[in-house]
A.B. asks: 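Handing you this structure, nothing more for now.
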Amino acid sequence: MLDRKFIVENAAAVKLNCRQRGVPEQVDALVNYELQRREKLKRLEELNRLANEVAKSIGQLPDAAAREARKEEGRRLREEKDQVQREHDELDRQVHEIQLRLPNMAHPDAPIGDDDLANVELSRGKHAPRVFDFPALDHLQIGEKWSWIDFEGGARTTGAGFYFLKGELVLLDLALQQFAVNELLRRGYTPTITPDLAQDSILEGIGFLPRGPETQVYSIHDSTLSLIGTAEITLGGLYSGQVLDETQLPIRICGISHCYRTEAGAAGRAGRGLYRVHQFTKVEMFAFTTPETSEALHEELKQIECELFDALEIPYRVVDTATGDLGGPAHRKFDLEAWMPGRGQGGEWGEVTSTSNCTDYQSRRLNIRYKRAGEKGTHYVHTLNGTAIALSRALIAILENHQLADGTVRVPSCLHPYLGRTTLGG
RNA sequence: GGAGAGGUGGCUGAGUGGUCGAAAGCACCGGUUUGCUAAAUCGGCGUAGGGGUCAAACCCUACCGCAGGUUCGAAUCCUGUCCUCUCCGCCA
């Protein structure tokens, strides 16, 4: 969420930003409501002050008749105050509603464009896409060969888009989680296992708007809880309402959680297999920091993602996400796209990780601030998130890139300590 | 799920209708004193919004888990809700 004062004072820039991000805006209406609201607030405070004065004076009046007269005056002020209060609250609600829908301001270097076609490739990983001397299979074909992925069972028990992982693929899944968590622990990230559900208010704070018709979110009936679409939600919510000390920052955490996504409206681009599913496991990185350091930390998250996928020996490219594809909260976003030999005709890049600097957009909604020693007042922290390993897509990348001619799969050496074997299948 | 207790400032903890934004202690910051440390002593010490100032001082408003209600006036009374603790039941 953007600061109201900022919106009022920079209306033109906010509008331009919305246009570049492809988000409809009502900035003019917001400015209008907000200016009216401030007037109401002044009047409201004035009435409160008068009513307080009257109330205070009553206790000191010795004469009963005089007290009654003052009481009547107090009642009158109170009624007028209530009326102004209602008007103020209505304006406040309208401002807030518009404000919630405005996206974060984009980084000046973020490529401007409508969608992912405008993304700019920044770099490539250490490993180039492999040239196969046999017909490469996709991950579903490999999985079928060894009975590793059971979508039919998932559909029977739960519904389309759900699946069972089975056999050795489970070992690979667990090994990837352990690998990621260990690598992050080594880099100063505190490992956590987060709840898989969160309060709707937290989802809203992070920037997922639950329960609309376009929602990506599963809600729990008769409650204010939803299944999380990413641990970003719970990790970001972890310090909601808190005032941190600057010396605690940056706070680096990683969280393992399940991720649930309805993928409403995505039926047409469902893709094959594990690429777009309703549930997967993810190891997520999250950080809280100061405005001065968030950009450097964003680089760090990107760098870690690169190191993990280099270690897994998976070819990838890094892209700088275009304004139209940033979503609401991100100020800037980098994606890692892994080469997936089984996608499309002869392979395609597919997003496997994503890291965003959300600046103070989430912290303002979640009210996460920090205090500087010797300075009065508080500031909003900057929040950042990044995927370490999204299991479903990482599994695709590993199966498809490391498959051998006989359908077995070579295990990259970084996973050997966690997997206890060098080949899967057979 | 049942029964009870409680949620007050960084912490402990007073406060049951009228200058209470809130006693006191601890912690913290600053001054004084002391050869150093410790101790003593004085002062300061919440957040947010608005006004004011070159900057401050200062002024106003809101906030005692949260949301409502009663009242001229609520931390204090009422209702709902969330959370914590204790005991019982159930249970991986």
Side-chain angles (χ1 to χ4, degrees), chain A residues 1-9 30-31 33-96 99 193-205 210 219-226 234 237-249 251 256 258 288 290-291 360-381:
Chain A
M1 174 163 75
L2 299 176
D3 181 32
R4 286 182 183 193
K5 209 186 290 178
F6 176 87
I7 299 169
V8 170
E9 288 167 8
L30 182 147
V31 170
Y33 290 141
E34 173 62 6
L35 295 177
Q36 285 184 57
R37 187 192 68 84
R38 288 183 193 173
E39 288 308 311
K40 291 288 177 198
L41 185 61
K42 274 187 196 165
R43 180 70 185 138
L44 185 60
E45 291 189 343
E46 172 74 4
L47 287 166
N48 262 324
R49 191 176 60 75
L50 293 172
N52 286 343
E53 272 174 16
V54 169
K56 275 183 194 168
S57 69
I58 288 175
Q60 287 149 12
L61 286 177
D63 177 58
R67 275 206 299 273
E68 272 314 310
R70 289 297 246 174
K71 282 190 187 180
E72 182 48 41
E73 191 184 352
R75 265 190 288 268
R76 194 180 53 72
L77 283 167
R78 167 67 175 245
E79 267 171 37
E80 192 179 350
K81 192 221 83 173
D82 285 345
Q83 177 57 32
V84 176
Q85 177 91 56
R86 276 191 293 274
E87 292 166 7
H88 169 274
D89 290 353
E90 175 58 19
L91 286 166
D92 188 59
R93 195 188 58 73
Q94 287 176 308
V95 171
H96 189 69
Q99 195 183 5
I193 295 177
T194 88
D196 285 346
L197 290 91
Q199 292 291 344
D200 291 339
S201 60
I202 301 290
L203 292 256
E204 193 175 291
S219 299
I220 305 298
H221 185 60
D222 282 342
S223 82
T224 54
L225 292 170
S226 295
T234 41
L238 186 56
Y239 291 107
S240 60
Q242 305 290 301
V243 178
L244 305 167
D245 194 289
E246 188 182 18
T247 56
Q248 293 174 265
L249 302 174
I251 294 174
I256 306 177
H258 293 119
F288 303 87
T290 60
D360 58 1
Y361 188 87
Q362 295 174 325
S363 63
R364 182 170 288 110
R365 293 171 174 231
L366 292 169
N367 193 25
I368 308 173
R369 293 166 295 164
Y370 72 97
K371 221 175 154 49
R372 234 173 230 154
E375 201 177 276
K376 87 194 251 196
T378 54
H379 312 271
Y380 287 107
V381 301

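In what follows, chains are A, B, ... by sequence order, proteins preceding strands, each numbered from 1.
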A.B. asks: Whole angstroms only, please: what is the CD-P distance between A:Glu39 and B:G51?
C.D. replies: 10 Å
A.B. asks: When all nucleic acid strands are considered with a 4.0 Å heavy-atom cut-off, which category describes A:Ser57: base, sugar-phosphate, or nothing?
C.D. replies: nothing
A.B. asks: Paired with B:U41 by Watson-Crick or G-U wobble geometry, both distances under 3.5 Å: which nucleotide is it?
C.D. replies: B:G31
A.B. asks: Over how many whole Å does the gap from A:Glu73 atom CD to B:G73 atom P extend?
C.D. replies: 13 Å
A.B. asks: Would you mind telling me which of B:U61, B:A48, B:G73 lies closest to the side-chain atoms of A:Arg49?
C.D. replies: B:U61
A.B. asks: Using the side-chain heavy atoms of A:Arg369, tell me which of these nucleotides is nearest: B:A48, B:G18, B:G49.
C.D. replies: B:A48
A.B. asks: What heavy-atom pair brings A:Val31 and A:Val8 nearest, and what distance separates the two atoms?
C.D. replies: CG2-CA, 4.1 Å
A.B. asks: Mind checking salt bridge (Lys or Arg N to Asp or Glu O under 4.0 Å) for A:Glu90 and listing every partner two or more places apart, or none if nothing turns up?
C.D. replies: A:Arg93
A.B. asks: Would you tell me if any nitrogen or oxygen in the side chain of A:Asn52 comes within less than 4.0 Å of OP1 or OP2 on B:U19?
C.D. replies: no
A.B. asks: Rounding to a whole Å, what distance do you find between A:Lys371:NZ and B:C45:P?
C.D. replies: 13 Å
A.B. asks: How close or far is atom P of B:A48 from atom OH of A:Tyr370, stated in whole angstroms?
C.D. replies: 13 Å
A.B. asks: Look at A:Lys42 and B:U61 and indicate whether a side-chain polar atom (N or O) is within less than 4.0 Å of OP1 or OP2.
C.D. replies: no
A.B. asks: Going from CZ on A:Arg365 to CD on A:Gln99, what distance comes out if it is rounded to the nearest 0.5 angstrom?
C.D. replies: 8.5 Å
A.B. asks: Look for any protein N or O under 3.5 Å of an N or O in nucleotides 81-84 of chain B and output each such pair with its distance, or none.
C.D. replies:
none

A.B. asks: My understanding is that only one of A:Glu46, A:Glu87, A:Glu45, A:Glu34 makes a salt bridge (charged side-chain N to carboxylate O under 4.0 Å, His left out) with A:Lys40; could you say which?
C.D. replies: A:Glu87
A.B. asks: Rounded off to whole Å, could you give me the CD-to-C1' distance for the A:Glu72 and B:U71 pair?
C.D. replies: 14 Å
A.B. asks: Output the distance between atom CD (A:Glu53) and atom CD1 (A:Ile58), rounded to the nearest 0.5 Å.
C.D. replies: 12.0 Å
A.B. asks: Taking only the P atom of each, what is the distance from B:U41 to B:A55 in whole angstrom?
C.D. replies: 40 Å
A.B. asks: Checking contacts here: which listed nucleotide (B:G46, B:U61, B:G73) is nearest the side-chain heavy atoms of A:Ala55?
C.D. replies: B:G73
A.B. asks: To the nearest 0.5 angstrom, please state how far the CD atom of A:Gln362 sits from the CG atom of A:Asn367.
C.D. replies: 14.0 Å
A.B. asks: Should B:U19 form a Watson-Crick or G-U wobble pair with both distances under 3.5 Å, which nucleotide is its partner?
C.D. replies: none
A.B. asks: Could you list the donor-acceptor pairs under 3.5 angstrom formed by side chains in residues 239-249 of chain A, with sequence neighbours left out?
C.D. replies:
unit_1: A:Ser240; atom_1: OG; unit_2: A:Gly237; atom_2: O; d: 3.0
unit_1: A:Asp245; atom_1: OD1; unit_2: A:Thr247; atom_2: N; d: 3.0
unit_1: A:Asp245; atom_1: OD1; unit_2: A:Thr247; atom_2: OG1; d: 2.8
unit_1: A:Glu246; atom_1: OE2; unit_2: A:Arg372; atom_2: NE; d: 3.4
unit_1: A:Gln248; atom_1: OE1; unit_2: A:Asp245; atom_2: N; d: 2.7

A.B. asks: Can you tell me which nucleotide in B:G49, B:A62, B:U47 comes closest to the side chain of A:Leu41?
C.D. replies: B:G49
A.B. asks: Base of B:G51, side chain of A:Glu45 - is there a donor-acceptor contact under 3.5 Å?
C.D. replies: no
A.B. asks: Counting only heavy atoms not in A:Leu35, do more than 12 fall under 6.0 Å of its CG?
C.D. replies: yes
A.B. asks: Quick one: on RNA chain B, does A:Leu44 or A:Arg70 contact a more 5' nucleotide (nearest heavy atom)?
C.D. replies: A:Leu44
A.B. asks: Looking only at side-chain N and O atoms, does A:Arg78 come under 4.0 Å of OP1 or OP2 in B:U71?
C.D. replies: no
A.B. asks: Watson-Crick or G-U wobble partner for B:C26, using a 3.5 Å limit on both distances?
C.D. replies: B:G10
A.B. asks: Return the value, rounded to whole Å, for the distance between atom CD of A:Glu53 and atom P of B:C60.
C.D. replies: 9 Å
A.B. asks: Within the 4.0 Å heavy-atom criterion, would you say A:Lys81 contacts the bases, only the backbone, or no part of the nucleic acid?
C.D. replies: nothing
A.B. asks: Rounded to the Å, how far apart are A:Leu47 CG and B:G73 C1'?
C.D. replies: 16 Å
A.B. asks: Between B:G49 atom C1' and A:Arg4 atom CZ, what is the distance in whole Å?
C.D. replies: 11 Å
A.B. asks: With respect to the side chain of A:Lys56, which nucleotide from B:U19, B:G49, B:G73 is positioned closest?
C.D. replies: B:U19
